[in-house]
Structures are given as C-alpha cells and as structure tokens.
Visitor: 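Take a look at the following structure, please.
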Amino acid sequence: MDPKSNCRRILAAVRAIPAGQVAGYGEVARRAGLPGRARLVARLLAGNEDPRLPWHRVLRSDGRIAFPAGSPSWQEQVDRLRAEGVEVRNGRVRVAGPRGALDAELWGPGRR
DNA sequence: TGCGTGACCCAGG
DNA sequence: ACCTGGGCCACGC
C-alpha cells in the first residue's frame with residue numbers, strides 16, 4: 001500500500017469527524033482501512049500543518065487527551081473541544097464504559 | 001544496519 | 001487507576 005495513499009485516507013478520516021464529536025486514534029485508523037495503525041495516525045497529526053484539520057477531535061481510546069496534561073498543546077485541545085461544545089473534565093472527554101470504549105463508537109453532544 | 005523514540009492500543013494483573 | 005508486555009511502524013541518528 002502506497003504510503004501517500006494511507007496518509008490521504010487517514011487525514012480524510014480525521015476530517016470526517018463531525019464538529020462536536022470525537023474519535024480515538026485507533027478508530028480513525030480503522031476507518032481509514034488501516035486497523036492496528038494508531039501510531040501512524042498520531043505521527044501524521046504530529047507533522048500536520050493544515051490548519052483546517054480538526055486534529056483536536058482525536059483522543060486516546062480511553063477518552064483522554066494524548067498530550068501531557070497542562071502542556072500548551074493539551075490546553076489548546078481542551079479549548080478547541082469546549083468551543084465545539086464537547087465536555088472535558090481533567091483532560092478527558094466524558095466516557096462511561098470499559099477501557100477502549102472510544103474506539104467502539106463516536107460520541108456526540110447528545111449522548112451520555 | 002541497528003536501535004531508540006513516539007499526539008497509540010489492548011489484554012492482564 | 002496504574003503498570004507490564006506485546007503489537008504496530010516511520011524516522012532519525
């Protein structure tokens with residue numbers, strides 16, 4: 001599989017996350033047709049320069065923000081999520097379910 | 001050519 | 001909630 005194609009598909013999957021909703025790195029990878037390649041997703045986001053890309057909607061599978069708590073990037077992600085109406089408590093999006101639940105579904109503002 | 005290093009994930013303990 | 005160990009793999013040195 002051509003790496004460039006993978007890159008495009010992953011970025012497309014990220015762009016496909018609706019405002020106000022979030023998805024896990026692994027989830028994004030699966031939607032891009034690359035199961036098990038969450039790290040690749042993380043790598044792409046880390047190197048991304050496109051300001052239109054909604055990178056802040058991508059979280060770890062447990063609902064926590066991937067950056068070290070309190071870091072500038074962490075803060076920015078929290079702010080961006082809240083600006084879209086996503087509830088964030090202690091760097092974590094509300095998650096009621098087993099570990100990895102984020103990877104099983106997508107949360108929207110209406111859900112508990 | 002190896003080896004360490006990540007915006008990761010998962011099953012277990 | 002935290003730690004371990006195994007998977008994953010592009011990159012840099």
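Within every chain, numbering begins at 1; the chains are lettered A, B, ... in the order of the sequence lines, protein sequences first and strands thereafter.
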Visitor: Given the C1' atoms of B/dA7 and C/dC13, what is the spacing between them in whole Å?
Guide: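 Each nucleotide's C1' atom is 22 Å from the other's.
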Visitor: Rounding to a whole Å, what distance do you find between A/L40:CG and B/dC8:P?
Guide: 13 Å
Visitor: Compare side-chain N and O positions of A/R92 against OP1 and OP2 of C/dA1 and report whether any pair is under 4.0 Å apart.
Guide: yes
Visitor: Applying side-chain contact (heavy atoms from CB on, under 4.5 Å), run through A/D50 and A/W55 and close with a yes or a no.
Guide: CA-CA 10 Å; A/D50 182 355; A/W55 56 268; over 6 Å; no
Visitor: Can a donor-acceptor pair be found, under 3.5 Å and without considering hydrogens, that links the side chain of A/Q77 to the backbone of A/V58?
Guide: yes
Visitor: May I ask you to check whether over 12 heavy atoms, not counting those of A/N90, lie within 6.0 Å of atom CG?
Guide: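 Atom CG in A/N90 is not crowded, with 12 or fewer foreign heavy atoms closer than 6.0 Å.
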Visitor: What's the CD1-P distance between A/I65 and B/dC9, to the nearest Å?
Guide: 13 Å
Visitor: Among B/dA7, B/dC9, C/dG7, find the nucleotide with the atom closest to the side chain of A/A42.
Guide: B/dA7
Visitor: Can you tell me the distance, in whole Å, between the CG atom of A/N48 and the C1' atom of B/dA7?
Guide: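 After rounding, the reported distance stands at 12 Å.
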Visitor: Rounded to the nearest angstrom, tell me the gap between atom CD1 in A/I10 and atom C1' in C/dC9.
Guide: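 Distance, rounded to whole Å: 11 Å.
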Visitor: Give the nucleotide from the list C/dA10, B/dA7, B/dC8 with an atom nearest to the side chain of A/R60.
Guide: B/dC8
Visitor: Whole angstrom is fine here: how far is it from CZ in A/R39 over to P in B/dC10?
Guide: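 Computing the A/R39:CZ to B/dC10:P distance gives 13 Å.
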Visitor: Could you check how far CG of A/D2 sits from P of C/dA10, rounded to whole Å?
Guide: 12 Å
Visitor: Would you check if the side chain of A/R57 reaches a backbone N or O of A/A23 as a donor-acceptor pair within less than 3.5 Å?
Guide: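 Judged by distance alone, no pair lies under 3.5 Å.
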Visitor: Tell me the interatomic distance from A/L11, atom CG, to B/dA7, atom C1', rounded to whole angstroms.
Guide: 14 Å
Visitor: Using whole Å, report how far CG of A/L44 lies from P of B/dG6.
Guide: 17 Å
Visitor: If the condition is side chain to side chain contact (heavy atoms under 4.5 Å, CB included), which residues does A/R8 pass it with, not counting sequence neighbours?
Guide: A/S5
Visitor: Using atom names, set out every protein N or O paired with an N or O of nucleotides 11-13 of chain C below 3.5 Å, distance rounded to 0.1 Å.
Guide:
residue	atom	partner	partner atom	Å
C/dC11	OP1	A/R43	NH2	3.2

Visitor: Return all side-chain donor-acceptor pairs below 3.5 angstrom for residues 9-17 of chain A, not counting sequence neighbours, or 'none' if the list is empty.
Guide:
residue	atom	partner	partner atom	Å
A/R9	NE	A/A32	O	3.2
A/R9	NH2	A/A32	O	3.2

Visitor: For A/R37, answer base if it contacts any base atom (sugar-phosphate contacts may also be present), sugar-phosphate if it contacts only those atoms, and nothing otherwise; contact means non-hydrogen atoms under 4.0 Å.
Guide: sugar-phosphate
Visitor: For the side chain of A/Y25, counting heavy atoms from C-beta on, which of B/dC9, C/dA10, C/dC8 is nearest?
Guide: B/dC9
Visitor: Step by step, work out the salt bridge (Lys or Arg N to Asp or Glu O under 4.0 Å) result for A/R80 and A/E84.
Guide: CA-CA 7 Å; A/R80 286 185 173 223; A/E84 292 186 348; over 6 Å; no
Visitor: So what does A/R57 hit on the nucleic acid, given a heavy-atom distance under 4.0 Å: a base, only sugar-phosphate, or nothing?
Guide: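 Nothing: the residue A/R57, judged by heavy atoms under 4.0 Å, touches no strand.
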Visitor: Need one value for A/W55: base, sugar-phosphate or nothing, where a base atom within 4.0 Å counts as base even if backbone is also close, heavy atoms only.
Guide: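 The residue A/W55 makes base contact.
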